[in-house]
Amino acid sequence: MNKSTIRILVLDDDSFMLKLLGHMLAGLGFTSVTTCDNGAAALECFSTHVNPPNLILLDLQMPEMDGIEFVRKLVEHNYTGNLILVSGEDERVLKMAEKLIQAHRITVLGHLNKPVLLARLTELMEKSVHMHAAPQSTMHAYSADELRTAIDAGELVNHYQPKVAVTTGAIVGVETLVRWRHPVDGMVFPDQFIDIAEDHGLIDDLTRVVLQGALAQSKAWQQAGLRLRVAVNVSMHNLSSVAFADFVAGAASAAGVAPQDIVLEVTESQLMLDQRAPLEVLTRLRLKRFRLSIDDFGTGHSSLTQLRDIPFDELKIDQSFVRGAWHDDTARAIYDASLNLGKQLGMTVVAEGVEDRDDWDFVRRTKCDLAQGFFIGRPMPAADLPGWIELWNARMLQLQADLP
Ligand code: C2E
Ligand code: MG
Ligand code: MG
């Protein structure tokens with residue numbers, strides 16, 4: 001990999017820092033390095049250069065234009081490169097800045113604390129070389145027509161991710177997660193097509209296909225002696241039609257699955273102008289004994305109002321407050337508050353995004369009810385579930401033997 005394909009811009013108001021970083025980068029073999037001591041001059045590079053920089057080392061704290069304002073202007077120049085933050089600010093400020101920049105779809109490789117350590121710079125620059133060598137598969141924007149055809153052609157497939165009881169490790173259910181088996185692009189994940197379905201009136205058809213597949217699968221597991229609660233994600237758009245409750249009830253009864261064994265996970269993805277239809281649909285589903293779950297809790301616009309108005313059975317704490325919460329005070333505080341709230345309201349609380357042993361130990365210590373995440377099991381085709389259960393049972397024995 002040729003390091004000269006990485007065109008670096010260092011932006012810092014401190015001329016000593018510019019010299020130091022320039023020197024360190026040259027020492028690491030990076031030959032294309034531009035330095036600027038103010039945002040306005042740096043932006044010039046993006047309007048004048050044929051090959052503008054594709055990696056920026058950015059100081060957050062600068063007089064005149066600060067780092068955050070610089071990023072906003074950078075987005076206007078359609079910047080698609082990566083970024084490394086250089087700052088003396090504390091962790092929380094850095095993390096907030098990182099989130100904000102990532103929301104602009106710019107990849108932040110990490111941050112360098114001042115004074116800058118050569119070892120850390122080396123690590124981040126290696127990451128940068130790696131990113132350039134293996135660019136992320138670009139997001140393909142699919143058209144509504146392509147999606148429509150895919151739904152009709154049966155290209156959508158359900159995967160299932162286990163939900164386990166934290167104290168015993170027993171599997172209590174699965175969450176249905178849809179994938180698009182694209183004939184050319186391979187497996188396409190829902191973040192690339194759910195929005196399109198919602199925006200182009202295809203979400204009812206999509207949900208119908210996913211729900212019917214999940215119901216048939218639930219029946220098959222039941223017949224094989226496996227009693228699992230099967231969860232399906234429901235979009236707010238589905239709830240805007242009062243006919244949805246009857247559709248779900250009809251489909252469950254046709255498949256021979258009891259409403260108690262079906263969980264409907266609802267995320268409040270956008271502000272609903274008219275709350276009456278969703279309230280009516282959810283209330284009727286609840287009266288029919290379907291289980292309701294509030295998904296991605298903590299990220300919605302009015303999660304607390306929803307808890308007051310709708311009798312949810314289950315609360316899923318969003319992954320961002322679970323993963324790494326054992327060493328992140330802010331995430332931990334939100335996790336604790338959500339767990340207590342759910343328990344006080346008599347709900348089953350699920351921790352999402354349990355990714356490693358530390359996360360798993362954390363949800364056990366804090367006595368969450370259920371857990372879901374890559375550490376336990378990734379979403380998988382239904383056929384893989386029996387094999388996974390065997391492996392998980394063996395791992396559970398091991399995990400329990402490891403306890404002090
Ligand atoms: P969600 O309902 O919150 O689902 C959990 C997502 O987190 C899934 O992503 C799952 O693969 C991922 N995940 C689970 N454990 C871990 C972990 O330990 N670490 C990490 N980093 N991620 C984990 P997926 O399958 O890409 O789905 C994304 C979202 O798309 C879902 O979020 C859900 O909101 C939506 N979605 C999926 N299927 C459907 C569907 O049939 N209908 C609707 N309306 N939305 C769906
Ligand atoms: Mg979900
Ligand atoms: Mg979620």
Side-chain angles (χ1 to χ4, degrees), residues 102 137 139 147 150-151 155-164 173-181 186-215 217 229-241 244 248 251 262-270 278 281 291-300 303 312-326 331 348-360 362-363 368 370-381 384 388:
Q102 244 133 14
S137 66
M139 292 275 259
L147 184 56
I151 296 174
E155 284 172 13
L156 298 191
V157 291
N158 287 349
H159 278 195
Y160 299 92
Q161 187 179 33
K163 286 177 169 175
V164 302
V174 291
E175 172 175 7
T176 311
L177 294 157
V178 67
R179 274 94 183 85
W180 176 358
R181 204 190 279 133
M187 212 53 113
V188 180
F189 286 83
D191 55 338
Q192 283 190 261
F193 59 87
I194 293 293
D195 287 352
I196 301 169
E198 289 181 340
D199 293 346
H200 295 86
L202 298 173
I203 193 71
D204 280 337
D205 285 342
L206 183 145
T207 304
R208 183 173 316 136
V209 168
V210 173
L211 180 71
Q212 277 163 344
L215 286 167
Q217 190 53 54
R229 255 184 210 146
V230 178
V232 171
N233 289 286
V234 167
S235 156
M236 262 292 171
H237 285 75
N238 296 135
L239 304 177
S240 63
S241 149
F244 188 71
V248 173
I262 301 298
V263 183
L264 301 166
E265 296 191 6
V266 189
T267 314
E268 188 197 45
S269 47
Q270 66 279 106
V281 173
R291 294 176 65 88
L292 304 182
S293 169
I294 183 164
D295 205 352
D296 303 338
F297 187 76
T299 62
S303 309
F312 285 105
D313 304 273
E314 179 180 277
L315 181 152
K316 298 185 80 172
I317 307 177
D318 189 68
Q319 338 193 337
S320 56
F321 310 119
V322 174
R323 202 183 316 135
W326 57 274
T348 302
V349 183
V350 186
E352 288 192 273
V354 173
E355 265 190 14
D356 56 27
R357 178 67 194 264
D358 289 320
D359 293 339
W360 171 253
F362 171 75
V363 297
C368 195
L370 305 184
Q372 182 181 349
F374 293 170
F375 177 76
I376 301 153
R378 291 189 175 250
M380 61 190 101
D384 293 354
W388 172 85

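In listed order, ligands and their atoms are each counted from 1.
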Next on the checklist: Can you see whether Asn238 engages Thr207 through a side-chain donor-acceptor pair at a distance of less than 3.5 angstrom?
Outcome noted: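 Indeed, the side chains of Asn238 and Thr207 share at least one donor-acceptor pair under 3.5 Å.
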
Side chain to side chain, [X] and [Y], heavy atoms closer than 4.5 Å:
X	Y	answer
Gln217	Val174	no
Ile376	Trp388	yes
Glu352	Asp296	yes
Pro379	Glu175	no
Asp359	Phe375	no
Phe193	Leu202	no
Trp180	Leu147	yes
Thr299	Phe321	yes

Looking at ligand 1, does [X] have a heavy atom less than 4.0 Å from it?
X	result
Thr207	no
Arg378	no
Arg323	yes
Lys316	no
Val210	yes

Please find the N/O/S atom of [X] nearest to the Mg ion (ligand 2) and write down its name.
X	value
Glu265	OE1
Asp295	OD2
Glu175	OE2

Checklist entry - Who gets closest to atom 27 (O) of ligand 1 by heavy atom: Pro190, Ala371, Ser293? => result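 It is Pro190 that holds the nearest heavy atom.
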
Report the part of [X] in contact with ligand 1, treating N, CA, C, O as backbone and CB onward as side chain, heavy atoms under 4.0 Å; options are side chain, backbone, both, neither.
X	result
Asp295	side chain
Gln372	neither
His159	neither
Asn233	both
Asp296	side chain

Checklist entry - Looking at Val248, Leu206, Asn158, which one forms a side-chain contact (heavy atoms from CB on, under 4.5 Å) with Leu211? => result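 Only one of Val248, Leu206, Asn158 forms a side-chain contact (heavy atoms from CB on, under 4.5 Å) with Leu211, namely Val248.
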
Which of the numbered atoms in ligand 1 are below 4.0 angstrom from a heavy atom of [X]?
X	result
Val178	38 (N), 39 (C), 40 (C), 41 (O)
Glu352	3 (O), 5 (C)
Gln161	14 (C), 15 (N)
Val354	18 (O)

[X] backbone or side-chain N/O/S under 2.8 Å from the Mg ion (ligand 2):
X	result
Asn233	yes
Glu352	no
Asp296	no

Next on the checklist: Applying side chain to side chain contact (heavy atoms under 4.5 Å, CB included) to Leu292 and Val266, what does each step give before you reach the verdict?
Outcome noted: CA-CA 8 Å; Leu292 304 182; Val266 189; 5.6 Å; no

Checklist entry - Would you say Arg179 has any N or O atom under 3.5 Å from an N or O of ligand 1, going by distance alone? => result yes

Checklist entry - Under 3.5 Å between some N or O of ligand 1 and some N or O of Leu177? => result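 N/O-N/O distance below 3.5 Å does not exist for this pair.
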
Checklist entry - Any salt bridge between Glu314 and Lys163, counting N to O under 4.0 Å? => result yes

Checklist entry - What distance separates Ser240 OG from Asp204 CG, expressed to the nearest 0.5 Å? => result 7.0 Å

Checklist entry - Considering residues, nucleotides and ligands other than Arg181, do more than 12 of their heavy atoms fall under 6.0 Å from its CZ? => result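 No - once you tally the heavy atoms of other residues, nucleotides and ligands closer than 6.0 Å, there are 12 at most.
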
